[in-house]
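Okay, so here's the structure we're looking at.
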Amino acid sequence: MATLLYRLGRFSFRHAWTVIAVWLVLFVAVLGGGFALGGQTNESFEIPGTESQEALDRLEAVFPQVAGASAQGIVVAPDGESVTDDDVVDTIGELVDEISAIDGIESALSPFDEFADGAISDDDQSALIQIQFDGVATDVTEETLDELVASAEIGRDAGLDVEFGGQVFQENEFGITVTEVFGVIFAGIVLFITFGSLRAAGMPLASALVGVGIVIGGITGISAFATVSSTAPLLALMIGLAVGIDYSLFILSRHRNQLAVGEDPEESTGIAVGTAGSAVVFAGVTVIIALLGLLVVGIPFLSVMGVGAAFAVLIAIFVAVTLLPAFLGLAGSKLTPKPGSRAYRRAIAHDDENAKPTMGARWVGIVMKAPILAALGVVAILGTLAVPALSLELSLPDNGSEAPDTTQRQAYDLISDEFGPGYNGPLVVAIDITQTVDILDDLEAIGDEIGELDDVAAVSQGIPSPGLDTAIIQVTPESGPSTEETKALVQSIRDLAPSIESEYDTPINVTGATAVGIDISNRLSEALLPFGIVVVGLSIVLLMIVFRSVLVPVKAALGFLLSVVASFGVVVAIFQWGWLSDLLNVATPGPILSFMPILLMAVLFGLAMDYEVFLVSGMREEFVKTKNARLSVRRGFSSGARVVTAAALIMFFVFFAFVPEGSGTIKPIALGLAVGIAFDAFLVRMTLVPAIMTLLGRHAWWLPAWLDRILPNLDIEGERLGHHRDAVDWVATREPGAIVTEDVVVGTGHSRTDPVTVTIPDGSLVLVTGDAAKRRVLLAGLAGRVELESGRASVAGRVLPTESGDVARLVALTDLDGRTADDGGATLGSMLAERLRFTRTAAAGRSRGGGVDDWISRAADATSRGETRVRATDTVSALEPADRAFALALLAIAEGAPIVMLDEGELGLDPEAHAALLLRVSRLAPASTTLLVGTSTPLPPSGADLAADRVVVTLDLSRRSLEPSSASKGVLS
């Protein structure tokens with residue numbers, strides 16, 4: 001990965017304007033297209049498979065009049081008057097008629113209607129109007145709601161207080177306020193302090209803004225075709241902005257440090273993208289995996305949030321490794337810190353023993369002097385902050401959490417005061433009446449039984465559907481929709497269901513918006529622990545792969561749990577208990593948003609792993625070099641502390657900016673992320689981590705040998721990139737050739753070559769002789785199919801082992817003894833056509849020589865008089881050994897690779913036939929193609945024409961000295 005990113009960084013640097021233009025076109029197209037589609041966010045809180053949702057779906061099918069979205073209007077008479085006064089009754093009647101005529105509203109039930117139970121308050125001061133819409137909540141348009149709210153003027157003109165509430169009025173639009181802008185400004189200030197340069201500070205900001213613009217455009221466009229919660233774009237905006245700035249910050253910081261020590265700007269960009277960029281990619285993929293893990297929970301609206309946020313992180317990764325390097329290309333050497341500047345002194349402090357210690361070095365020195373005290377202090381602080389989390393209560397948002405000046409919040413408060421809080425969230429009991437013949441009496445009896453349960457304020461009369469297959473009873477709790485008492489009532493009705501079904505033969509289910517919200521909260525609460533186990537388990541496995549250690553991942557996971565539980569505690573204290581609620585503009589403290597904990601865990605997990613990777617990877621890099629555990633902690637921390645501090649402050653400011661003026665849904669998420677980042681970065685990663693690493697010493701890097709073998713090596717520190725750059729520098733000092741090797745050893749199983757050092761000229765014919773197994777292993781290694789054990793090589797302009805994938809595409813490798821000719825009777829023409837089609841697709845037309853007929857004609861020209869010509873109609877497996885070998889060589893050469901490696905295996909030709917085959921192959925291949933032929937056949941006498949004006953060399957693997965022998969054109973030496 002590091003090598004690939006290294007090339008990508010250099011490409012973006014060299015083609016800066018092209019890369020920037022592509023991103024700007026993408027930005028304009030996606031953002032403009034998203035808004036042009038006119039998508040709107042909607043709140044659709046539902047979970048398929050729950051009892052309440054299944055009952056609601058069934059009502060939609062058989063009793064649509066009561067299954068659609070609903071709302072309530074409350075009318076309050078002035079002091080001294082009553083809603084039963086004639087003039088007030090007339091005004092309410094006029095208001096009901098006006099509401100009923102609004103497009104999109106199915107009906108409005110007057111409080112004086114015979115079916116309106118309990119619609120007049122006990123003191124006759126207030127009345128409720130029940131409003132039923134045509135469809136579900138997501139189908140209700142803004143125009144319908146605007147007309148409904150406007151109808152209140154009829155009552156207000158008569159001196160009445162009229163407000164409307166219901167789930168359909170929950171805020172479903174997002175916007176950027178001035179506080180979010182302040183968050184970006186604070187991020188810019190932190191960047192300027194970090195880099196000491198406006199130019200450098202502006203690059204991460206510009207990159208992140210381009211990324212979030214694309215994300216918001218994409219999510220807005222999707223919302224025109226699918227239901228997207230209003231939280232989804234806000235969450236994506238927060239995360240995209242934070243990680244977009246941070247990821248660019250990590251790469252830019254590495255680049256500036258390298259420029260300070262004299263690195264060429266282009267090379268420095270490649271190295272920064274290859275090393276810091278590898279860590280960025282890993283950290284970003286970790287965040288994406290955690291966010292996509294929300295899909296497993298099986299809650300649609302939460303899945304949309306996770307996918308939207310994951311998309312934001314993905315764009316941030318691409319921006320950091322392509323757009324930022326393009327900006328660096330435009331800046332060139334202008335980003336180099338001036339000698340004597342603070343940025344310059346910080347860059348060289350790591351290698352200058354006389355340099356003044358940085359703040360990070362001083363801090364880690366304090367921690368390392370008393371690691372036990374530091375560790376216990378962090379655990380005590382976070383443990384104390386986590387205490388409020390023990391009383392965590394979860395619920396979906398209702399109108400009680402909306403802004404005080406909104407009609408839905410005022411309606412919520414008026415209904416609670418005049419009728420009781422339960423009237424804001426009545427329950428709907430759906431009853432299957434297909435098996436009863438005494439419908440009305442049974443419904444009355446069922447209602448009486450439900451009315452005897454605790455926390456029941458009122459039970460309406462049963463209403464059968466027109467088809468007499470389903471009926472509903474509305475149950476009004478005494479408590480509010482989000483209280484524990486209402487949750488208990490829902491469970492009590494469900495516990496009563498079996499006895500009701502047994503007695504009346506009428507299955508019942510509890511549904512309605514309140515029951516759906518309770519089921520969602522319960523499902524989320526149940527999913528929290530399994531999701532946490534998956535997230536923590538994932539973190540341990542991923543960090544084992546990265547750090548090649550067992551204890552480091554365990555320590556990282558435990559630290560993550562500390563920070564996330566402490567963030568839960570802070571959110572509970574403020575949003576549930578009401579501490580500092582006025583300061584943070586929390587209108588109504590109450591239960592926490594039900595999906596906040598699981599969402600917080602997903603996001604904080606990824607971000608915590610970011611800091612773990614960026615900080616501890618430096619420690620590992622130093623330990624690999626010095627094997628001094630204590631020194632590696634000090635140096636690794638010192639080199640990464642400043643950039644991690646800047647990154648954490650940026651994320652804190654960006655997230656916290658959404659708290660004071662954010663929507664009621666996003667506030668607790670934003671605060672949880674802000675304090676979680678602060679806890680994890682400053683207490684866990686920058687205090688607890690160096691303390692534990694100091695205590696563990698060398699044991700921190702312990703990994704069982706068997707586990708080391710099975711874990712993939714991601715090399716995020718860029719160790720392979722360093723080897724690649726060394727190999728490129730080495731090639732530049734060597735004599736050019738198609739293949740250049742130095743002490744190359746290749747081995748598989750029991751076959752292992754001795755060190756091979758050769759330089760093979762372009763267009764030559766190389767006869768590789770010696771032990772058959774070693775010969776095959778060497779060819780496979782030089783063809784990029786088998787990893788080199790040691791040594792280095794340049795093959796077709798690519799270096800091994802770091803560019804083995806490219807080498808494999810530039811080298812054709814085949815056996816000539818027929819073992820690969822198990823073709824099921826295929827003809828040479830069909831095999832050749834397939835080979836040409838494949839290589840043209842894989843290498844964009846790399847194949848040379850035209851089509852099948854052209855290659856068959858060239859094969860004929862390469863065949864001497866008296867030898868059998870291969871034809872397109874020949875079955876390859878049926879040919880004589882020499883002709884079959886030639887046909888197989890033809891297939892390999894037709895791929896158009898600059899190097900072709902052929903092994904004769906057990907072909908068993910006599911020397912003369914062998915020489916003739918080599919001559920045919922040499923004539924067939926283009927003059928620029930280098931041929932390597934592994935053979936066990938005795939070589940013909942010196943002077944035999946083998947190669948048609950090619951240089952012929954021999955590589956004998958049986959000799960200790962493996963230098964190629966001298967050669968002349970067309971003559972074997």
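In this structure, CG in Asp134 is found 9.0 Å from OG in Ser107, a value given to the nearest 0.5 Å. Taking CG from Leu59 and CD from Glu54, the interatomic distance works out to 12.0 Å, rounded to the nearest 0.5 Å. Taking CG from Asp417 and OG from Ser126, the interatomic distance works out to 9.0 Å, rounded to the nearest 0.5 Å. Here the straight-line distance linking atom CD1 of Ile500 with atom CD1 of Ile446 works out to 5.5 Å at 0.5 Å rounding. Here Asp455 contributes atom CG and Glu484 contributes atom CD; the two are 11.5 Å apart, rounded to the nearest 0.5 Å. Taking CD of Glu418 as the reference point, atom CG of Asp123 lies at 5.5 Å (rounded to 0.5 Å).
The closest side-chain heavy-atom distance from Arg494 to Val490 is below 4.5 Å. Looking only at side-chain heavy atoms (C-beta outward), Leu160 and Pro78 come within less than 4.5 Å of each other. Contact check for Pro426 versus Thr476: side-chain heavy atoms found under the 4.5 Å cut-off. Between Gln125 and Val76 the shortest side-chain heavy-atom distance falls below 4.5 Å. Counting only heavy atoms from C-beta outward, the side chains of Val88 and Ser82 never approach each other to under 4.5 Å. Counting heavy atoms from C-beta outward, Leu237 and Val215 have side chains that stay 4.5 Å or more apart. At a threshold of 4.5 Å between non-hydrogen side-chain atoms, the residues Pro111 and Ile92 count as touching. In this structure the side chain of Leu109 never reaches within 4.5 angstrom of the side chain of Gln132, judged on heavy atoms.
Looking only at distances, no side-chain donor or acceptor of Thr436 sits under 3.5 Å from a matching main-chain atom of Ile433. Side chain of Ser465 to main chain of Thr470: a donor-acceptor pair is present (N/O by atom type, distance under 3.5 Å, no hydrogens or angles). No donor-acceptor pair under 3.5 Å is formed between the side chain of Glu449 and the backbone N or O of Leu496. Glu478 contributes no side-chain N or O that, together with a main-chain N or O of Gly420, makes up a donor-acceptor pair within less than 3.5 Å. Side-chain atoms of Thr91 come within 3.5 Å of backbone N or O of Asp87 as a donor-acceptor pair. A donor-acceptor pair under 3.5 Å is formed between the side chain of Thr407 and the backbone N or O of Phe164.
The minimum heavy-atom distance between Trp577 and Ala573, with the atom names listed, is CB-O, 3.2 Å. Nearest heavy atom pair, residue Ala108 against residue Ser100, reads CB-OG, 3.4 Å. Of all non-hydrogen atoms in Ala310 and Leu291, the two that sit nearest each other are N-CD1, 3.5 Å. Pairing each heavy atom of Ala411 with each of Gly165, the nearest pair is CB-N, 3.6 Å. Across all their heavy atoms, Arg156 and Val162 have their closest contact at NH2-O, 2.7 Å. The heavy-atom pair separating Gly213 from Leu31 by the smallest distance is O-CD1, 3.3 Å.
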In sequence, state the C-alpha distance, the side-chain angles, and the governing distance for Thr511 and Asn509, and then conclude on side-chain hydrogen bond (donor to acceptor under 3.5 Å, both in side chains).
CA-CA 6 Å; Thr511 186; Asn509 299 100; over 6 Å; no
Under the side-chain hydrogen bond (donor to acceptor under 3.5 Å, both in side chains) criterion, do Asp495 and Gln491 qualify, and how do the steps go?
CA-CA 6 Å; Asp495 292 340; Gln491 189 58 48; 3.0 Å; yes
Check against side-chain contact (heavy atoms from CB on, under 4.5 Å), Leu443 and Gln461:
CA-CA 7 Å; Leu443 290 178; Gln461 64 181 10; over 6 Å; no
Working for side-chain contact (heavy atoms from CB on, under 4.5 Å), residues Gln72 and Ile415
CA-CA 9 Å; Gln72 293 172 307; Ile415 291 173; 3.5 Å; yes
Step by step, would you call Asp113 with Gln130 a side-chain contact (heavy atoms from CB on, under 4.5 Å)?
CA-CA 10 Å; Asp113 192 281; Gln130 298 294 335; over 6 Å; no
Checking side-chain contact (heavy atoms from CB on, under 4.5 Å) for the pair Phe133/Leu148: CA distance, chi angles, key distance, verdict?
CA-CA 11 Å; Phe133 294 88; Leu148 176 59; 4.1 Å; yes
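Within 6.0 Å of the CG atom in Asp122, the count of heavy atoms belonging to other residues, nucleotides or ligands does not exceed 12. No more than 12 heavy atoms of other residues, nucleotides or ligands shown are found within 6.0 angstrom of CG on Asp454. In the displayed structure, Asp103 atom CG is contacted under 6.0 Å by at most 12 heavy atoms of other residues, nucleotides or ligands. For Asp86, the CG atom sits in a loose shell: 12 or fewer heavy atoms of surrounding residues, nucleotides or ligands are nearer than 6.0 Å.
We find that Arg523 and Asp519 are not joined by a salt bridge, their nearest charged nitrogen and carboxylate oxygen being 4.0 Å or further apart.
Checking Ile574, Ile669, Leu671, Leu673 one by one against Val659, the side-chain contact (heavy atoms from CB on, under 4.5 Å) holds for a single residue, Leu671.
Each ring-ring contact (aromatic ring centres under 6.0 Å, His included) pair with one or both residues in residues 423-453, not counting sequence neighbours, appears once here: Phe419-Tyr423.
If you check the side chains of Thr434 and Asp432, you find a donor sitting under 3.5 Å from an acceptor.
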